[in-house]
Structure formats: structure tokens, C-alpha cells
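The basis for the numbers below is simple: all heavy atoms, side chains too, and nothing from hydrogens, waters or symmetry mates. Start at 1 and go down the list; that is how both ligands and their atoms are numbered. As the structure is a prediction and not an experimental result, all values here were calculated from the model. Quick note: residue numbers are just sequence positions, from 1.
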Amino acid sequence: MTSVFLLAVALLAQDTTQGKAVYQKWCAGCHGDTGAGDGEAAHYMLPRPRDFTGAIYQIRSTASGELPTDADLMRAIDDGLPGTAMPGWKDRLSAGDRRNLVAYLKTFSTFFADTSFRPQPIAFGSAPGGGGGDEALRTGRLFYDSIGCRKCHGDRGRGDGPSSPTLKDDAGLPVFAADLSEGWRFNGGASAEDIYHRLRTGLDGTPMPSFSDLLDQQFLTDEQLWRVAQYVRSLSPDAPEVRDVIRAPRIAGALPRAPDDSAWNDVDRYWFPLVGQIIVKNRWFNPAVSGVWVQVAHNGDSLALRVVWNDRSQSPDTAWLAHGGRVLSSLALDEGSAPAPQPWPDQLAVQFPLTIPSGMERPYFLMGDRTAPVYQWRWSSASPAAAVAGQARGLDRFDPAAAGGAGAQSVYDAGQWRVVFTRALATPDSASQLQFQTGRAIPVAFFAWDGSNAETGTRMAVSTWYFLALDEPVPARVFISPVLAMTLVLVVGLLMVRRAQRASGRQP
Ligand code: HEC
Ligand code: HEC
């Protein structure tokens with residue numbers, strides 16, 4: 001009896017000792033040596049790394065306010081928390097290491113000390129049938145409005161509800177209401193089941209509440225709460241695949257210059273992720289714009305490039321000034337002390353090289369340099385919203401082009417900007433503006449600033465270089481001739497075989 005007990009203690013001790021070694025190597029840089037969420041890197045990020053001493057966890061199967069199960073902790077370690085700095089470790093650490101980590105994390109808080117207490121998962125049940133149907137989604141939408149999701153997450157779920165500029169986590173740090181149209185960034189997973197679980201448990205430590213008590217009060221039924229989860233699931237596409245080349249179809253006649261022209265429905269769209277600019281000072285670790293959707297069409301004379309991205313506010317918007325101030329004062333900044341927030345506009349830049357390169361070399365992606373400039377279209381929401389074309393030679397030098405720059409039309413609608421840039425393929429001032437050509441791989445990159453999130457200057461979101469390819473004119477003949485050519489080859493081949501066979505006297 002005693003020996004079994006001693007053995008159990010030995011195993012436990014071994015767990016946490018090995019867990020500690022793994023923790024110090026891989027986790028302490030963010031979560032801190034004492035687990036207080038204050039590692040060296042912590043002050044550069046929002047949300048902050050979890051403070052394990054408080055034992056407050058977001059991704060649980062247990063009720064709001066309760067401790068997570070070991071399986072919950074394991075899941076967070078395995079998969080990470082998408083949409084945050086917390087990476088997944090399944091492919092990097094062995095199962096044994098990850099189990100030891102779970103044991104070690106629990107030593108940071110006395111709440112786990114009573115090992116006779118086992119946190120109990122909620123009995124979730126499974127989804128009712130008819131999940132994707134219109135009726136189910138209508139019911140989900142009804143309760144999305146009536147139980148208050150819209151107040152934080154907004155009419156279209158883009159995280160732009162009226163309460164969103166005021167949201168803070170339990171530590172008083174600013175936090176965004178999740179953008180429900182980007183489900184692949186949900187901390188706890190994007191499936192309707194994951195979403196339903198989050199609605200039952202809440203994300204403890206954040207303003208995202210649990211809705212289990214509404215079930216207890218019979219304000220709505222379990223089926224209706226599932227409908228809310230299914231409605232939320234319907235707001236997001238699957239995680240978009242990132243492709244390298246934007247294919248721009250050649251269309252006949254006028255280009256769609258208005259952002260909501262129905263012609264855009266027929267043009268393929270491409271997703272490009274953006275990340276914080278952390279290369280040159282002043283760096284930015286907290287970008288609000290996670291990516292842009294891009295579509296391009298041309299008609300042989302001009303091209304139209306549509307960029308769609310989600311942004312919780314139409315900046316400048318004074319309702320968000322306090323949020324900007326909270327963001328600046330909670331992050332470690334290269335400037336040292338936090339600058340005062342200002343009503344900065346939203347901005348977007350599309351970047352090309354000044355000339356189409358023949359090989360793979362391209363200007364420096366971060367707005368070129370003194371010797372190799374880039375050609376850019378810079379759009380700003382400052383009224384009147386407009387774009388300028390010009391050349392950048394590094395982050396600190398921009399020379400607007402004379403005339404004939406890019407035109408831009410924009411729409412802000414329920415947490416989303418839609419901007420269409422247009423320009424003639426060829427311009428008279430070919431020395432200062434890119435001359436577009438069909439059938440070439442034209443490097444292109446994107447930059448975005450959310451003014452309400454204190455983004456201005458080098459505090460911005462950036463992409464790497466991608467390519468734009470404008471379809472060449474396609475004469476009808478091109479479609480027929482490969483088929484003709486194939487047929488000819490076949491016929492000629494057959495004739496030659498026949499002849500050879502005849503010559504050798506083996507005629508069938
Ligand atoms: C690059 C920084 C970084 C590193 C390295 C890191 N984490 Fe995290 N971790 C975070 C952040 C940020 C959060 C909080 C995200 C949030 O609040 O949405 C977090 C949250 C967590 C959570 C809380 C999950 C929940 O449900 O609330 C656990 C558990 C965790 N990390 C474990 C680990 C372990 C174990 C390691 C090492 C193997 C590790 N982390 C390494 C940044 C990091
Ligand atoms: C008081 C504001 C508030 C209300 C009301 C609210 N949420 Fe949230 N919600 C948040 C915040 C803030 C987050 C982000 C928390 C984080 O990531 O740290 C969030 C996150 C989420 C997430 C992402 C979960 C994940 O795994 O990352 C979903 C889905 C969600 N909410 C759905 C809903 C639905 C559906 C409702 C209504 C039933 C609702 N929320 C009500 C503030 C709110």
C-alpha cells in the first residue's frame with residue numbers, strides 16, 4: 001500500500017521535474033519562469049501569454065469559472081490558440097513531454113493542489129439535425145440578435161458591435177470581439193461543435209460570456225443555442241488557401257469600378273495574410289488586419305483591383321480613441337514611452353516594382369530602398385477617401401507621381417472596407433509609373449493600417465511579395481489549334497505505322 005503510494009508520488013515528481021525542463025526551454029520566454037505570463041516577449045503581445053498562477057483558462061470543457069480538465073490543457077498545448085501568438089506543439093514535442101507539461105503547469109496554481117477534486121466536463125450532447133438549412137440559420141440569427149451577440153460581434157459578425165471599442169480582459173487589457181467571419185482564427189476551433197462548446201463555457205478571463213445560464217433559465221432551448229453556433233459557423237468560409245498568383249481575367253467592355261458592382265461576383269478572389277511589421281523600428285506586434293481578399297480584372301486598356309478587408313471601425317472614429325490609447329500603453333514600444341493616440345485614418349497600400357522584372361529579383365518588400373524603388377498605390381480613409389500613386393524608396397520616402405495616377409472608389413460597410421483601384425495599363429510617364437503588361441508575372445504586395453488600433457507609419461500590417469498575372473488576349477483560334485495539332489499528330493502517326501507495317505509485309 002505505502003509502496004504504491006510512494007511510486008505514485010515518484011511518478012508525479014518525475015512528471016513535473018521533466019515538465020519543468022521542457023517548460024523552461026520552450027514556454028518560459030512567453031509565459032515567464034514563474035508562470036505569471038510575464039516572459040521576456042510577453043509585453044510585445046496582445047492578448048498576453050496566459051498567467052498560469054490564476055488558473056483561468058479559455059478553452060475548457062468545464063463550466064464557466066471552473067478549472068480545466070487535463071484533456072483541455074493538452075488540447076491547448078497540442079493545437080495552440082489560433083489567432084494568437086500561442087503556437088501548437090503537437091509536431092514539436094513528444095506526447096510524453098506534453099503530458100509532463102500539463103502536470104507542471106498545474107503546479108503554478110494552488111487551485112490544482114487538491115488532487116482528489118477532478119474538474120467535470122459539461123455533458124454537451126450532439127448537434128440537432130438540419131444544421132445547415134435556412135430554417136436553422138434563421139433561428140440562429142434570431143437568437144444571435146436577442147441574446148446580445150450582436151452588441152459585441154456586430155451585425156455581420158465582423159467584431160464591430162457597438163460595445164467593441166470598450167472591451168477589456170480581466171487584466172484591463174484591450175481585447176477585440178472575435179471576427180466571426182474568420183473562423184480559422186478562433187482560439188478553440190472553427191467547427192459548429194467547437195463554437196457551441198465555447199458558448200456553453202465562455203472564454204474565462206475575457207468579456208466573452210457563457211450562455212449556459214440562459215439554458216437553465218429556459219430563455220432558449222439547447223437546440224436553439226446549437227442554431228446560434230451553426231449560424232456563426234455559416235458566417236465564415238473554411239480557412240482560405242494562400243495561392244501565389246492572382247489571375248486577372250480579361251473582360252470585354254467597361255471595368256467594374258464601383259466596389260459593389262455585381263461583376264465582381266464572377267471574378268476569383270485570393271486571400272493574402274498580413275502580419276505585423278517587426279523588421280524596422282518602430283515595430284508593430286499587434287496588427288488588427290489579419291489579411292486581404294484581392295480580385296483583379298482588366299480589359300486590355302485598364303485594370304481594376306479590388307481589395308476587401310475587415311476593420312472594426314471607419315477611422316478616424318473618436319469612439320475608438322480610448323481603445324487606441326489602451327493598446328499603445330499596454331505594449332512594449334520601440335519609442336519607449338507610449339505616444340498619445342490620435343484619430344488616425346485607415347490606410348491600404350498596393351505595391352509593385354517600378355518595372356516588371358525579367359528574373360526572380362524584386363525590390364525589398366518593405367517599400368524598396370534608395371537604389372531600387374517600388375511603385376505604390378496608397379489609399380487613405382481620411383476624408384475625402386482617395387488614393388495616390390507614386391514611388392517609395394524605403395519606409396521614409398514617398399514621391400507622388402505627377403498625373404494619371406490610380407483612381408479609387410471605396411465603401412465602408414458593417415466592419416468591412418471594399419476599395420477598387422483603377423489605372424490605365426500604360427501611362428505617358430513610364431519613368432515614374434509601372435507599365436502593366438499581359439502574360440507577365442508582376443510582383444505585388446499589400447500593407448494595411450487600422451487607424452483606430454493606433455496604426456500609423458511603421459506600425460502596420462504587411463504581406464510578402466505575391467504575383468499578378470493579367471490574362472493575355474485569347475483569339476478563338478488558340479482554343480482550336482491544340483486540338484487540331486493533336487489530331488494531326490495522331491493521324492500522321494497512324495499513317496506512318498500503317499506504312500511501316502505494310503512495308504514489312506505484316507498487313508493485318
Ligand atoms: C510566443 C509566445 C508563446 C509561447 C512560446 C508559448 N505560449 Fe502559451 N500562450 C501564449 C499566449 C499569447 C496565450 C494566450 C492567448 C489568449 O489569451 O488568447 C497562451 C496561452 C496558453 C495556454 C492557455 C490556454 C487556455 O485555454 O487558456 C496554455 C495552457 C499555454 N499557453 C501553454 C503553453 C505551453 C505549455 C508552452 C510551451 C510548450 C507555451 N504555451 C508556449 C503565448 C505563448
Ligand atoms: C460582451 C461582449 C461579447 C458578447 C455579448 C459575446 N461575445 Fe463572443 N467574444 C467576445 C470577445 C471579447 C471574444 C474574444 C475573446 C478572446 O479571443 O480572447 C469573443 C469570442 C467569440 C468567439 C471565438 C471563440 C474562440 O474559440 O476564439 C465566438 C465564436 C463568439 N465569441 C461567439 C459569440 C456568440 C455567438 C455570442 C452570443 C451568443 C457572443 N459571442 C457574445 C465578446 C463577446
Side-chain angles (χ1 to χ4, degrees), residues 19 22-32 35 37 39-42 44-52 54-60 68 72-89 92-93 97-98 100-102 104-106 108 140-141 143-154 157 159 161-164 166-171 173-180 182-183 185-192 194-211 214 220 224-225 227-233 235-236 285:
V22 182
Y23 178 87
Q24 284 180 332
K25 181 161 182 204
W26 296 103
C27 322
C30 286
H31 290 283
E40 260 168 81
Y44 289 100
M45 51 187 85
L46 283 175
R48 286 277 200 276
R50 188 69 63 255
D51 172 356
F52 299 126
I56 294 171
Y57 288 91
Q58 287 184 8
I59 309 306
R60 303 176 327 280
D72 293 338
L73 290 174
M74 194 64 161
R75 177 185 172 168
I77 296 172
D78 282 357
D79 299 342
L81 271 66
T84 79
M86 169 67 191
W89 298 92
R92 280 179 261 198
L93 298 174
D97 279 349
R98 285 176 281 132
N100 292 343
L101 277 172
V102 169
Y104 184 61
L105 292 190
K106 288 160 65 177
F108 286 126
R141 171 68 206 208
F143 283 97
Y144 177 89
D145 289 348
S146 69
I147 64 180
C149 315
R150 196 170 52 158
K151 265 187 250 155
C152 292
H153 292 285
S163 304
S164 67
T166 65
L167 298 177
K168 291 177 236 168
D169 66 14
D170 285 4
L173 296 169
V175 56
F176 278 138
D179 181 340
L180 303 180
E182 295 180 356
R185 305 182 80 237
F186 289 173
N187 295 184
S191 71
D194 291 326
I195 297 165
Y196 172 82
H197 290 182
R198 298 294 82 73
L199 297 181
R200 292 296 305 277
T201 66
L203 292 169
D204 286 6
T206 83
M208 171 67 193
S210 152
F211 292 86
L214 292 190
L220 79 173
Q224 286 161 340
L225 193 62
R227 297 304 183 217
V228 176
Q230 289 160 341
Y231 169 72
V232 170
R233 177 65 193 85
L235 296 175
S236 174
F285 291 88

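Counting heavy atoms from C-beta on, the side chains of Arg98 and Arg92 never come closer than 4.5 Å. Contact of the Phe186 side chain with the Asp194 side chain is not registered, since no non-hydrogen atoms from C-beta on lie closer than 4.5 Å. Residues Gln58 and Met208 fail the side-chain proximity criterion, which asks for heavy atoms closer than 4.5 Å. Within the 4.5 Å cutoff, no side-chain heavy atoms of His31 are placed close to those of Leu105. Within the 4.5 Å cutoff, no side-chain heavy atoms of Val232 are placed close to those of His153. Side chains of Val175 and Pro207 form a contact here, defined as non-hydrogen atoms less than 4.5 Å apart. Taking 4.5 Å as the limit, some side-chain heavy atom of Leu101 sits within range of a side-chain heavy atom of Tyr23.
In this structure, atom 14 (C) of ligand 2 lies nearest to the protein heavy atom Phe176 O, 3.5 Å. With respect to atom 38 (C) of ligand 2, the closest heavy atom belonging to the protein is Cys149 SG, 2.5 Å. From the protein, the heavy atom lying nearest to atom 5 (C) of ligand 2 is Gly148 O, 3.4 Å. Among protein heavy atoms, the minimum distance from atom 25 (C) of ligand 2 is reached at Asn187 N, 3.3 Å. Nearest non-hydrogen protein atom to atom 34 (C) of ligand 1 is Cys27 SG, 3.4 Å. Nearest protein neighbour of atom 22 (C) of ligand 2, counting heavy atoms only, is Ala178 CB, 3.9 Å. Closest to atom 3 (C) of ligand 2 among all protein heavy atoms lies Cys152 SG, 2.7 Å. Closest to atom 33 (C) of ligand 1 among all protein heavy atoms lies Met86 CE, 3.3 Å.
Listed by atom number, the atoms of ligand 2 under 4.0 Å from Val232 heavy atoms are 35 (C). Here is the list of ligand 1 atoms found below 4.0 Å of a heavy atom in Leu105: 29 (C). Of all the atoms in ligand 1, the ones that sit under 4.0 Å from a non-hydrogen atom of Leu101 are 35 (C), 38 (C). Atom numbering of ligand 1 starts at 1 in the shown order; those under 4.0 Å from a heavy atom of Cys30 are 1 (C), 2 (C), 3 (C), 4 (C), 5 (C), 43 (C). The Ile147 neighbourhood of ligand 2 comprises atoms 38 (C), with distances under 4.0 Å to a heavy atom of that residue.
By the criterion of a heavy-atom distance under 4.0 Å, the side chain of Pro209, and not its backbone, is placed next to ligand 2. Contacts between Leu180 and ligand 2 below 4.0 angstrom, taking non-hydrogen atoms only, involve the side chain exclusively. Contacts between Phe211 and ligand 2 below 4.0 angstrom, taking non-hydrogen atoms only, involve the side chain exclusively. If you look at Val228 next to ligand 2, the close heavy atoms, those under 4.0 Å, all belong to the side chain. Residue Leu199 touches ligand 2 through its side chain alone, judged by heavy-atom distances below 4.0 Å. The part of Ala76 lying near ligand 1 is the side chain, judged by heavy-atom distances below 4.0 Å. The part of Leu203 lying near ligand 2 is the side chain, judged by heavy-atom distances below 4.0 Å. Contacts between Trp89 and ligand 1, counted as non-hydrogen atom pairs separated by less than 4.0 Å, involve the side chain only. Contacts of Lys151 with ligand 2, taken as heavy-atom pairs under 4.0 Å, are absent altogether. In Gln58, the part holding a heavy atom less than 4.0 Å from any atom of ligand 2 is the side chain.
The N/O atoms of Arg198, backbone and side chain alike, include none that comes under 3.5 Å of an N/O atom in ligand 2. Checking only distances, Ile59 does come within under 3.5 Å of ligand 1, N or O to N or O. When only interatomic distances are considered, the shortest N/O to N/O separation between Gly188 and ligand 2 falls below 3.5 Å.
Using a non-hydrogen distance threshold of 4.0 Å, Phe52 registers as a contact of ligand 1. Ligand 1 lies less than 4.0 angstrom from a heavy atom belonging to Arg48. Residue-ligand proximity: Gly29 is placed with every non-hydrogen atom at 4.0 Å or more from ligand 1.
In the candidate list Arg50, His31, Lys25, His31 is nearest to atom 9 (N) of ligand 1, counting heavy atoms.
When all heavy atoms of Pro82 and Gly80 are compared, the pair lying nearest together is CD-O, 3.4 Å.
Enclosure of atom CD in Gln24 by more than 12 non-hydrogen atoms of other residues, nucleotides or ligands within 6.0 angstrom is indicated.
When NE2 of His153 and SD of Met208 are joined through atom 8 (Fe) of ligand 2, the resulting angle is 180° to the nearest 10°.
A salt bridge is defined here as a Lys NZ or Arg NE, NH1 or NH2 lying under 4.0 Å from an Asp or Glu carboxylate O, and Arg60 with Asp72 fails to meet this definition.
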